[in-house]
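Notes follow the structure.
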Amino acid sequence: SGNNVTTLSAEPTSFPENIIFSSVEARSLTVSWDEVLPGQNEPINGYLLYYTNTTFSDTITVIGGQNIAYTLTELRPYTNYTVTVSAYNDAGTGPASDNRTQQTEQAEPTSSPQNIIFSVVEARSLTVSWDEVPPSGQNGLITGYLLNYTNATFADTINITGGENRSYTLTELRPYTNYTVTVSAYNDGGIGPASDNRT
């Protein structure tokens, strides 16, 4: 009688190819890849999607050999994420794909400019200065500011282009009049919240 021999199962020997970002948003990325075929090994049970930025890393288990896309959510805007994908089966995890890196889109700032002050006060003019939006609230490249100023009978908004321009002189003002000022920053993703009032 013949001997029956069963070989030991082995983890996948190939890695997912053609890693692409099929959707790029400010707070999400959809990653897709080509299916890994089992070859002589056990069927593919799914994929491990590893993603990282400069301060964070995590691994997502995508169950099912035919599931070849996943949307990463709750990401930070305007941030580079690097991903790799590996296939796994009952015997273990196969080799990792090549790294792919993608920057998320910009989103409107979530913080306002800081430390609004009247740096020069004259009878008919006020110079308003401010500090930049904290980096964690910029969500992109600050490209300008909206300076809103009001008195009891008047309101206007000045668009100040250029993220490095953090001072503006209001002119043709009325003497002995209270003016209230707020400043908002904007980027390609939208307009952020207004600063606290300064009078």
Side-chain angles (χ1 to χ4, degrees), residues 1-112 132-145 161-164 184-193:
S1 68
N3 290 334
N4 287 334
V5 177
T6 303
T7 57
L8 294 174
S9 59
E11 67 273 352
T13 54
S14 57
F15 54 82
E17 298 196 28
N18 297 318
I19 311 294
I20 63 165
F21 295 93
S22 51
S23 173
V24 178
E25 305 286 335
R27 292 180 171 85
S28 68
L29 293 170
T30 299
V31 186
S32 55
W33 55 89
D34 288 351
E35 185 176 347
V36 171
L37 301 176
Q40 303 302 311
N41 299 333
E42 297 277 334
I44 302 298
N45 294 348
Y47 301 90
L48 297 177
L49 171 59
Y50 176 78
Y51 69 110
T52 182
N53 68 27
T54 55
T55 61
F56 170 89
S57 64
D58 198 9
T59 302
I60 302 290
T61 302
V62 181
I63 298 172
Q66 292 78 43
N67 289 332
I68 54 172
Y70 188 85
T71 300
L72 300 168
T73 58
E74 298 181 28
L75 304 181
R76 292 186 55 193
Y78 203 59
T79 301
N80 281 325
Y81 286 88
T82 299
V83 302
T84 60
V85 184
S86 303
Y88 71 91
N89 61 18
D90 287 344
T93 302
S97 68
D98 294 337
N99 287 344
R100 289 285 179 271
T101 300
Q102 176 67 49
Q103 187 176 66
T104 50
E105 295 288 337
Q106 297 188 61
E108 71 281 350
T110 48
S111 299
S112 60
E132 67 180 0
V133 174
S136 64
Q138 291 182 9
N139 298 333
L141 292 173
I142 301 299
T143 52
Y145 300 91
T161 58
E164 69 288 342
S184 304
Y186 61 85
N187 61 25
D188 287 349
I191 301 169

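Residues take their numbers from the sequence shown, with the count starting at 1. All values below were derived from every heavy atom in this structure, side-chain atoms included, with hydrogens, water molecules and symmetry-related copies excluded.
Judged as a side chain to side chain donor-acceptor pair (under 3.5 Å), and not counting sequence neighbours, the contacts of T71 are T30. With sequence neighbours left out, the side chain to side chain donor-acceptor pair (under 3.5 Å) criterion links S14 to no other residue. Listed by chain and residue number, D90 satisfy the side chain to side chain donor-acceptor pair (under 3.5 Å) test with N45 (two or more places apart in sequence, or in another chain).
Proximity of F15 to V85: side-chain heavy atoms (C-beta onward) are nowhere separated by under 4.5 Å. Using a 4.5 Å heavy-atom threshold, the side chains of L49 and L72 count as touching. Looking at heavy atoms from C-beta onward, V62 lies out of side-chain contact with Y88 at the 4.5 angstrom threshold.
Note that OG1 of T93 is 5.0 Å distant from CG of L48, once rounded to the nearest 0.5 Å.
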Tell me which donor-acceptor pairs under 3.5 Å the side chains of residues 16-28 have, and how far apart each pair is, sequence neighbours excluded?
from	atom 1	to	atom 2	distance (Å)
N18	ND2	D34	OD2	2.3

With a 3.5 Å cut-off and sequence neighbours excluded, list the donor-acceptor pairs that the side chains of residues 76-84 form with protein atoms.
from	atom 1	to	atom 2	distance (Å)
T79	OG1	R76	O	3.3
T79	OG1	P77	O	2.9
Y81	OH	N53	ND2	3.4
Y81	OH	R76	N	2.9
T82	OG1	T101	OG1	2.8

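Pairing each heavy atom of N89 with each of A10, the nearest pair is ND2-O, 3.0 Å. Summarising the geometry of I191 relative to E108, their closest heavy-atom pair is O-CB, 3.6 Å, with the distance given to 0.1 Å.
Side-chain atoms of N139 never come within 3.5 Å of backbone atoms of P109 as a donor-acceptor pair (strictly under, hydrogens ignored). In this structure a side-chain-to-backbone donor-acceptor pair under 3.5 Å is missing from D188 to G140. At distances below 3.5 Å, not a single donor-acceptor pair connects side-chain atoms of Q66 with backbone N or O atoms of E35. Of the possible donor and acceptor atoms, none in the side chain of E105 sits under 3.5 Å from a partner among the backbone N and O of G189.
Screening residues 41-74 for ring pair (Phe, Tyr, Trp, His ring centres under 6.0 Å), with sequence neighbours left out, gives W33-Y47, Y51-F56.
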